[in-house]
Engineer: 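A single structure is presented below for examination.
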Amino acid sequence: MNTTITLIQGDITTQDTDAIVNAANSSLAGGGGVDGAIHRAGGPIILQQCQDWVSINGKLPTGNAMITTAGNMPSKFVIHTVGPIWRGGSKNEPQLLANAWHNSLSLAAEKGLKNISFPSISTGVYRFPIELAAEIAIDTCRKFMQNNRLDEIRIVLFSQSDLAIYQQAYDRLEN
C-alpha cells in the first residue's frame, strides 16, 4: 500500500489537500458542525453549487458523494457525503458509513486527486459511536487502497480525544 493514512488533530477547513470531505446533510444546504464550518470558510459559491446540483439531481442519498469547488479554502474541492444518522445499528448504519467513505474516495480517484482530508463522518449530531466509526473509516480506506492509489488520506479530528480513538483503531487494524 503506497498510500499514507495520516491522523491529525486540526481544522478541516484549513487543510491544503486537493479535496476535503464535508459531512453534509442530504439537502446539501449547509448546517451545523463540520458542514457549517466548511460553508462559512468556503463562501457562498459552495452553497450555490450544492443548490444547483440538488435542483438537477434531488437530495444526495445517504452514503453517496458529490463534488464542488472549495471556494475560499486552501483545498481545490469539497467532496460532500451524507453519513448515516445512528439509530442503534439495525438500520444498516455501518454499511452506509462505509459507503460514504468509499464513495468519497472513489470520487477523488476518478477526478485524479492525489490527497484528501476527511472529518469524522456522522459522529457529531448524527450520534454514530466514534469507536465504531473509526474502525469503519480506517478499514474502508485500507480496502480501497488495495486497488486504487492516492498519495495521502488525511483524517482530521476535531479533538485530542477523537484523535486518540482513531489512533487506537488504526493501531488495532494495522496489527
Side-chain angles (χ1 to χ4, degrees), residues 1-15 17-26 31-38 60-67 75 77-111 113-175:
M1 186 165 78
N2 297 325
T3 301
T4 302
I5 296 176
T6 307
L7 306 174
I8 65 166
Q9 181 183 352
D11 179 347
I12 191 84
T13 67
T14 64
Q15 302 307 304
T17 48
D18 291 340
I20 61 171
V21 175
N22 181 19
N25 55 57
S26 61
V34 167
D35 193 15
I38 287 172
L60 185 64
T62 301
N64 289 14
M66 61 80 72
I67 192 166
S75 57
F77 301 101
V78 176
I79 295 176
H80 304 264
T81 191
V82 181
I85 297 171
W86 183 254
R87 301 188 195 288
S90 61
K91 305 281 188 210
N92 206 27
E93 297 99 313
Q95 185 59 54
L96 289 168
L97 183 60
N99 292 350
W101 280 81
H102 178 84
N103 289 328
S104 297
L105 290 164
S106 293
L107 190 51
E110 280 173 33
K111 297 290 183 185
L113 306 182
K114 298 291 181 206
N115 44 52
I116 186 171
S117 292
F118 280 87
S120 183
I121 299 168
S122 285
T123 60
V125 295
Y126 284 8
R127 300 180 319 280
F128 202 106
I130 191 167
E131 295 81 5
L132 178 57
E135 287 197 10
I136 291 167
I138 303 292
D139 187 53
T140 302
C141 289
R142 291 177 69 233
K143 286 177 180 169
F144 182 83
M145 298 325 303
Q146 289 172 0
N147 299 310
N148 300 277
R149 176 140 165 67
L150 294 171
D151 292 342
E152 181 188 20
I153 300 169
R154 188 180 301 167
I155 304 175
V156 182
L157 290 314
F158 185 72
S159 70
Q160 190 62 43
S161 59
D162 290 355
L163 175 61
I165 291 166
Y166 270 77
Q167 187 66 55
Q168 289 167 354
Y170 181 85
D171 292 345
R172 250 191 329 275
L173 290 168
E174 288 298 307
N175 295 325

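Only heavy atoms go into these numbers, but all of them, side chains included; no hydrogens, no water, no symmetry mates.
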Engineer: Can you see which heavy atom on Leu150 is nearest to which on Met145, and at what distance?
Structural biologist: N-CE, 3.0 Å
Engineer: Show the nearest heavy-atom pair for residues Val34 and Ala23, with the distance to one decimal.
Structural biologist: CG1-N, 4.2 Å
Engineer: One pair to check against side-chain contact (heavy atoms from CB on, under 4.5 Å): Ser122 and Trp86. What are the steps and the verdict?
Structural biologist: CA-CA 8 Å; Ser122 285; Trp86 183 254; over 6 Å; no
Engineer: Which residues satisfy the salt bridge (charged side-chain N to carboxylate O under 4.0 Å, His left out) test with Lys114, sequence neighbours excluded?
Structural biologist: none
Engineer: For the residue pair Asn103 and Gly63, what are the closest heavy atoms and their distance?
Structural biologist: ND2-O, 2.7 Å
Engineer: Is it the case that the side chain of Thr81 and the backbone of Asn64 share a donor-acceptor pair, with hydrogens and angles ignored and the cut-off at 3.5 Å?
Structural biologist: yes
Engineer: With no hydrogens and no angle check, just 3.5 Å: does a side-chain donor-acceptor pair link Ser161 and Ser159?
Structural biologist: yes
Engineer: Any side-chain heavy-atom pair from Ser120 and Ile155 closer than 4.5 angstrom?
Structural biologist: no
Engineer: My understanding is that only residues two or more places apart in sequence, or in another chain, count here; which of them pass salt bridge (charged side-chain N to carboxylate O under 4.0 Å, His left out) with Asp11?
Structural biologist: none
Engineer: To the nearest 0.5 Å, what is the distance between CD1 on Ile130 and CD1 on Ile136?
Structural biologist: 12.0 Å
Engineer: Can you tell which of Leu105, Thr17, Asp18 makes a side-chain contact (heavy atoms from CB on, under 4.5 Å) with Ile116?
Structural biologist: Leu105
Engineer: Is Thr140 reaching over with its side chain to a backbone N or O of His102, donor-acceptor style, under 3.5 angstrom?
Structural biologist: no
Engineer: Taking the side chain from Arg142 and the backbone from Leu173, do they hold a donor-acceptor pair closer than 3.5 Å?
Structural biologist: yes
Engineer: Which heavy-atom pair separates Tyr166 from Ala137 by the least distance, and what is that distance?
Structural biologist: CE2-CB, 3.9 Å
Engineer: Nearest 0.5 Å, please: how far is CG in Asn22 from CD1 in Ile121?
Structural biologist: 9.0 Å
Engineer: If you compare all heavy atoms of Glu93 against all heavy atoms of Gly88, which two are closest, and at what distance to 0.1 Å?
Structural biologist: OE2-N, 3.4 Å
Engineer: Distance from Gln167 atom CD to Ile138 atom CD1, nearest 0.5 Å?
Structural biologist: 8.0 Å
Engineer: First locate atom NZ of Lys91, then atom CG of Leu96, and finally report the distance between them rounded to the nearest 0.5 Å.
Structural biologist: 12.0 Å
Engineer: Taking atom CG of Leu7 and atom OH of Tyr170, what is their separation to the nearest 0.5 Å?
Structural biologist: 7.0 Å
Engineer: Could you walk me through whether Arg154 and Ile8 satisfy the side-chain contact (heavy atoms from CB on, under 4.5 Å) test, starting with their C-alpha distance in whole Å, then the side-chain angles of each, then the deciding distance to 0.1 Å, before giving a yes or no?
Structural biologist: CA-CA 7 Å; Arg154 188 180 301 167; Ile8 65 166; 3.8 Å; yes
Engineer: Please determine whether side-chain contact (heavy atoms from CB on, under 4.5 Å) holds for the pair Gln160 and Leu163, giving the CA-CA distance in whole Å, both sets of side-chain angles, and the decisive distance to 0.1 Å.
Structural biologist: CA-CA 5 Å; Gln160 190 62 43; Leu163 175 61; 3.8 Å; yes
Engineer: Donor-acceptor check, side chain of Asp139 to backbone of Glu135, threshold 3.5 angstrom: yes or no?
Structural biologist: no
Engineer: Could you give the distance from CD1 (Ile79) to CG (Leu107), rounded to the nearest 0.5 Å?
Structural biologist: 4.5 Å
Engineer: Looking only at heavy atoms, what is the nearest atom pair of Phe118 and Ile12, with distance?
Structural biologist: C-CD1, 3.6 Å
Engineer: Answer yes or no: is there a side-chain heavy-atom contact under 4.5 Å between Trp101 and Cys141?
Structural biologist: yes
Engineer: Should Thr14 and Val156 be marked as a side-chain contact (heavy atoms from CB on, under 4.5 Å) after you check the CA-CA gap, both sets of side-chain angles, and the distance that decides it?
Structural biologist: CA-CA 10 Å; Thr14 64; Val156 182; over 6 Å; no
